[in-house]
Asks: 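Supplied in structure tokens, the structure appears directly below.
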Protein chains: 2
Amino acid sequence: MAALPPLPDPFSELVGYHLRRLSQLVMGDLAERLDSLDLRPTEASVLFVIAATPGVTQSDIGRMLGIKRANMAPMVATLEARGLVSRSAVDGRSQALRLTAEGESMRARARNATRENERRSFASLSDAERAALIDKLQTLWEKLEG
Amino acid sequence: MAALPPLPDPFSELVGYHLRRLSQLVMGDLAERLDSLDLRPTEASVLFVIAATPGVTQSDIGRMLGIKRANMAPMVATLEARGLVSRSAVDGRSQALRLTAEGESMRARARNATRENERRSFASLSDAERAALIDKLQTLWEKLEG
DNA sequence: TATTGTTATACTCTATAACTATA
DNA sequence: TATAGTTATAGAGTATAACAATA
């Protein structure tokens, strides 16, 4: 088996590169864990938002999670077709989204998969380090979103 | 204009979520900056590796950057067709990759775009904080790669 | 006029499988 | 047997443009 060649110099100064590389690996592990539920990471995040804020519209979810309306539409349609999410009219154009009983059960399982993903990915960090890292990352992306 | 709804609770504990969100925004900004060069972020990273380790094979690049052989092949073919990269046989199956003069000029421009991307994305971090963040991210992804 | 939801479409990046040629 | 390179193909996620219906 060939040894893993080391990463050459220019990358050692690039936060963005290491960010992307770690994100790719973490999301890949999460995708594997969610695969048995036939759920994509993005779909899981949508279930989490609906559970936390019942009656939310899909436009609002898109704004919270940074997902375009055009991409929310088919995803919510799929979740509804699977019986995980229900819609009820708010007004003539908006629809309130809620989890069905089956959707709530799916959310709970997705939550477990996500917790295991976090444990496996960040086991080497103390609770304080993890919290500090979250804070740093969140501060950075919120600055870029404006 | 509607206010941005705040992210609900469950995400506040998830490193992975904030990692992915930041990575997405940073890479989106980099993609925009590279667009005028008609270069994708992944292609730029390949130019960086070839410049730093002339004569490297595409299999080695894939191992360094976490890109599969199957995805390296068409990318290198494109870079060669554009006159940015040249190939020379190492043995009957491997080919040494080098930047052409035009490839080196492209690399330099991509490097500038990347530097501007880093400056814009992480302006709020001190040099020490940036270095510490790189170290933390790299340590984490290298653990997950084994 | 602005917003919600929708459809169509394209692109980047990643993944697996199968194949040829060479070591 | 293992490795280098290639081709075909599929999937997730994102992007823009355009449209109908509603506020």
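Proteins get letters first, then strands, A, B, ... in listed order; numbering begins at 1 in each.
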Asks: With A/Arg115, which residues qualify under salt bridge (charged side-chain N to carboxylate O under 4.0 Å, His left out), at least two apart?
Replies: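 With sequence neighbours excluded, A/Arg115 shows a salt bridge (charged side-chain N to carboxylate O under 4.0 Å, His left out) to no residue whatsoever.
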Asks: Has the side chain of B/Glu43 got a donor or acceptor atom that lies under 3.5 Å from a matching backbone atom of B/Met75?
Replies: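 Looks like no, no N/O pair under 3.5 Å.
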Asks: Which atom pair, heavy atoms only, marks the closest approach of A/Leu133 to B/Leu140?
Replies: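 Scanning both residues completely, I find the closest heavy atoms to be CD2-CD1, 4.2 Å.
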Asks: Want to settle it: does A/Lys68 or B/Ala96 sit nearer the 5' end of DNA chain D, counting the closest nucleotide to each?
Replies: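 Counting from the 5' end, the first nearest nucleotide belongs to B/Ala96.
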Asks: How far apart are the closest heavy atoms of B/Leu7 and A/Trp141, and which atoms are they?
Replies: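 Minimum heavy-atom contact is CD2-CZ2, 3.9 Å.
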Asks: Just to verify, what does B/Phe48 make a ring pair (Phe, Tyr, Trp, His ring centres under 6.0 Å) with, not counting sequence neighbours?
Replies: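 By the ring pair (Phe, Tyr, Trp, His ring centres under 6.0 Å) rule, B/Phe48 matches no residue at all.
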Asks: Calculate the interatomic distance between A/Met72 atom CE and D/dA15 atom P; express it in whole Å.
Replies: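 Checked: the CE to P distance equals 14 Å.
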Asks: Nearest to the side chain of B/Arg87, heavy atoms from C-beta on, is which of D/dG5, D/dA15, C/dT7?
Replies: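 Closest of the options to the side chain of B/Arg87: D/dG5.
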Asks: Mind running a 4.0 Å heavy-atom check of residues 102-115 of chain B against DNA chain C and sending the residues that fall below it, in number order?
Replies: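 Result for residues 102-115 of chain B: none.
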Asks: Do you know which two heavy atoms are closest between B/Ala96 and B/Val90, and how far apart they sit?
Replies: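 So the minimum-distance heavy-atom pair works out to N-CG2, 3.5 Å.
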Asks: Give, for atom CG of A/Leu84 and atom CG of A/Leu99, the distance between the pair rounded to the nearest 0.5 Å.
Replies: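 Result: 8.0 Å between the selected atoms.
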Asks: In chain order, what residues pass the salt bridge (charged side-chain N to carboxylate O under 4.0 Å, His left out) check against B/Glu32, with sequence neighbours excluded?
Replies: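 So B/Glu32 forms no salt bridge (charged side-chain N to carboxylate O under 4.0 Å, His left out) with any residue.
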Asks: Identify which nucleotide among C/dT6, C/dT14, D/dT6 has an atom closest to any side-chain atom of A/Gln58, counting heavy atoms from C-beta outward.
Replies: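 The answer is C/dT6.
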Asks: Output all residues satisfying salt bridge (charged side-chain N to carboxylate O under 4.0 Å, His left out) with A/Arg120, sequence neighbours left out; order by chain, then residue number.
Replies: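 Counting only residues at least two positions away or on another chain, A/Arg120 forms a salt bridge (charged side-chain N to carboxylate O under 4.0 Å, His left out) with A/Asp29.
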Asks: Just the rounded figure in Å: distance from C1' of C/dT4 to CG of A/Asn71.
Replies: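 For the pair A/Asn71 CG and C/dT4 C1', the rounded distance is 15 Å.
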Asks: Need to verify one output field. Residue with the more 5' nearest nucleotide on DNA chain D, A/Glu43 or A/Ala70?
Replies: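 Whichever sits nearer the 5' end wins; that is A/Glu43.
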Asks: Please name all residues satisfying side-chain contact (heavy atoms from CB on, under 4.5 Å) with B/Ser23, sequence neighbours left out, ordered by chain then number.
Replies: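 If we apply the side-chain contact (heavy atoms from CB on, under 4.5 Å) test to B/Ser23, skipping adjacent residues, the hits are A/Leu19, A/Arg20, A/Ser23, B/Met27.
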Asks: Just N and O in the side chain of A/Ser94: are any of them under 4.0 Å from OP1 or OP2 of D/dT22?
Replies: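 Answer no for this pair, as no side-chain N or O of A/Ser94 is under 4.0 Å from OP1 or OP2.
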Asks: Determine which pairs satisfy side chain to side chain donor-acceptor pair (under 3.5 Å) with at least one residue from residues 71-80 of chain B, sequence neighbours left out, and list them in order.
Replies: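 Pairs touching residues 71-80 of chain B that pass the test: B/Glu80-B/Arg87.
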Asks: Identify all pairs in which a protein N or O lies below 3.5 Å from an N or O of nucleotides 19-23 of chain C, and state each distance.
Replies:
| residue | atom | partner | partner atom | Å |
| --- | --- | --- | --- | --- |
| C/dT22 | O2 | B/Arg93 | NH1 | 3.1 |
| C/dA23 | OP1 | B/Gly92 | N | 2.7 |

Asks: Considering residues at least two apart in sequence or located in another chain, which fulfil the salt bridge (charged side-chain N to carboxylate O under 4.0 Å, His left out) criterion with B/Glu102?
Replies: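 Scan of B/Glu102 (salt bridge (charged side-chain N to carboxylate O under 4.0 Å, His left out), adjacent residues dropped) gives none.
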Asks: Figure out the CE/P separation between B/Met75 and C/dT12, and round it to whole Å.
Replies: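 After rounding, the reported distance stands at 11 Å.
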Asks: Between C/dG5, C/dT6, D/dG5, which nucleotide gets closest to the side-chain atoms of B/Ser59?
Replies: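 Of the candidates, D/dG5 comes closest.
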Asks: I'd like to know if A/Glu116 pairs up with A/Arg119 as an ion pair, taking the criterion as any Lys NZ or Arg NE/NH1/NH2 lying under 4.0 Å from an Asp or Glu carboxylate oxygen.
Replies: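 A salt bridge is absent here (no side-chain N lies under 4.0 Å from a carboxylate O).
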Asks: To the nearest angstrom, how far is A/Ile67 atom CD1 from D/dA12 atom P?
Replies: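 Answer to the nearest Å: 14 Å.
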Asks: Tell me, which pairs form a salt bridge (charged side-chain N to carboxylate O under 4.0 Å, His left out) where one or both residues lie in residues 133-144 of chain B, sequence neighbours left out?
Replies: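 For residues 133-144 of chain B, and leaving out neighbouring residues, the salt bridge (charged side-chain N to carboxylate O under 4.0 Å, His left out) pairs sorted by first residue read A/Glu129-B/Lys136.
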Asks: If you fit an axis to the five pairs at each end of the helix from C/dT1-D/dA23 to C/dA23-D/dT1, how big is the angle between those two axes, to 10 degrees?
Replies: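 Roughly 10°, once rounded to the nearest ten degrees.
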Asks: Using a heavy-atom distance cut-off of less than 4.0 Å, which residues of residues 11-42 of chain A contact DNA chain C?
Replies: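 DNA chain C contact set from residues 11-42 of chain A: A/Arg20, A/Gln24.
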